Amino acid sequence: MVQHDKILILDFGSQYSHLIARRVREMNVYSELRDGQISLDEIRAFEPKGIILSGGPGSVYDQGSPHPDPGLWELGLPILGICYGQQLMTHHLGGKVERGSEREYGRAMLRLLRTGEILQGMPQESVVWMSHGDRVTEPPQGFRVLAISDNAPFAAIGDTTRNFFGLQFHPEVTHTQRGGPIFERFLIGICRCKRDWRMGSYIEESVAQIRAQVGDGHVIGGISGGVDSTVAAVLTSKAIGDRFTAIFVDNGVLRKDEGKKVMERLHEKLHVRIQHVDASKRFLDALKGVTDPEEKRKVIGNMFIHVFEDEAKKLGEAQFLLQGTLYPDVIESTSHKGPSATIKSHHNVGGLLENMRLELVEPLRLLFKDEVRALGRELGVDATLVSRHPFPGPGLAVRCLGEITQERLDVLREADRIYIEEIRKAGLYDQIAQAFAVLLPCRTVGVMGDNRTYEEVIALRAVTSTDFMTADWYQMPYDVLQSCSNRIINEVSGVNRVVYDVSSKPPATVEWE
Ligand code: XMP
């Protein structure tokens, strides 16, 4: 296994902690985010070249607020403390931290006094992002002030002998103008890390790791047609060939030609062994008469488990289950309670493990979404799939409002296909985070030729978003809306009206159900 230079990020609960890991990896240096209170032995075992202490919502004086192992300061490693991390550093090393009566939040102008190496290349003045309650009022011995702001006499401090640095602002957020170069100075200039973290090397390591974990065993895994499960499947298939079987369940609420595309992309082009199960009748029968959104989710989730288990039994003994878990899910489930722990995602196959006694294989568990996309490209996965908008597990069931019937699903599928086609044609697909059509549970009056019509309504939705926790409605150009509307009304029989959704999240959600 290749030994990369690594940076350890100790997480004290900031909502920005995962962004630090992102910034470090963007510099091609490997980093991991761990609980801020792990033991000195665990820190040593990680063999970091440097350590970053994240921010956090606590005060160093609060009972129960997280502190690092005090042995940390004796390791002889460079340490960068950000916000609460700077306060921890100050407090532990004999300086003073003062309780703030109010939170300072927002933009501030940073004024450089000296570079202290870490701020080398920074302009005399630059905008930074502050978000803190307490603040440093006296740095520890050996530290010098590197930069100030109007409200922060110790906005950046450093001890260049021990290579300890503290920043009151957040260099990891994009609002901080020159945050990237600060990380670059710390990682490359001060910690002397090699920039050798690349997707190519990740493939080799991951393949070796899957082989080591699985031995001569067998792995099964569900694929949805989405990016994560596809990339995980291709990687596993590369590692163990036909001892991996992907199970692709057609649940009857997929988009047009989805099954065909999955088989083409994965089986024919990338030679992944796939069991294609058409269970659409089972799903649609179970969904008959169901109109409540959460009930639809429940029915689909439970049926998926049944169908998957039946298929797994037919395939014979597998000892392992492949899951496309990503790093944000891992952080979410392991990080202690802080703002970063409140973010939730939708887990669709959680129930599988309870019933089947399988060990998990999770080759993507250290990657962020855009890294998975990069990995997919490297593995030769189709470019349109790699950059695809997310598609929910319950699929068109939560976009076909009201009763789900084969006919209504066909109407929705056609409208959705035309909508996405037009967006791609206009070159807008990659600017949009998610776009889809929704079939409304009502009919409206229209006129076609000399006749009155009474037909269904399609709503078009498009949003921009980075994490889907919040989203803005996308300002779709009128000419694109016009061609979508014309085509849908002309080409999809049963639809006489098209509307565009102009609601942001919150208070609306991305999906209508
Ligand atoms: P909402 O509607 O909650 O959607 O604003 C945020 C993101 O999550 C997706 N979504 C789901 N994904 N199972 C999934 O796998 C679900 O039940 C589900 N509901 C919403 C949605 O498409 C959007 O990307």
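Indexing begins at 1, ligand by ligand and atom by atom, following the structure's order. Source: prediction; values computed, not measured.
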Engineer: Looking only at distance, does Phe468 have an N or O less than 3.5 Å from an N or O of ligand 1?
Structural biologist: no

Engineer: Can you confirm, on distance only, whether ligand 1 has an N/O atom lying under 3.5 Å from any N/O atom belonging to Pro392?
Structural biologist: no

Engineer: Any idea which atoms of ligand 1 are less than 4.0 Å away from a heavy-atom of Pro394?
Structural biologist: 13 (N), 16 (C), 17 (O)

Engineer: List the steps, then state whether side-chain contact (heavy atoms from CB on, under 4.5 Å) holds for Ile82 with Leu53.
Structural biologist: CA-CA 6 Å; Ile82 296 172; Leu53 313 177; over 6 Å; no

Engineer: Taking His276 as the fixed residue, which of Asp250, Val262, Ile247 is the one that meets the side chain to side chain contact (heavy atoms under 4.5 Å, CB included) rule?
Structural biologist: Asp250

Engineer: Are there over 12 heavy-atom neighbours, none belonging to His389, within less than 6.0 Å of that residue's NE2?
Structural biologist: yes

Engineer: Around atom NZ of Lys238, are there more than 12 heavy atoms of other residues, nucleotides or ligands at under 6.0 Å?
Structural biologist: no

Engineer: Specify whether Tyr16 and His170 have parallel, tilted or perpendicular ring planes, treating 30° as the upper limit for parallel and 60° as the lower limit for perpendicular.
Structural biologist: perpendicular

Engineer: Considering distance alone, does some N or O of Arg399 sit under 3.5 Å from an N or O of ligand 1?
Structural biologist: no

Engineer: Can you list the atoms of ligand 1 that are under 4.0 Å from a heavy atom of Lys505?
Structural biologist: 1 (P), 3 (O), 5 (O), 6 (C)

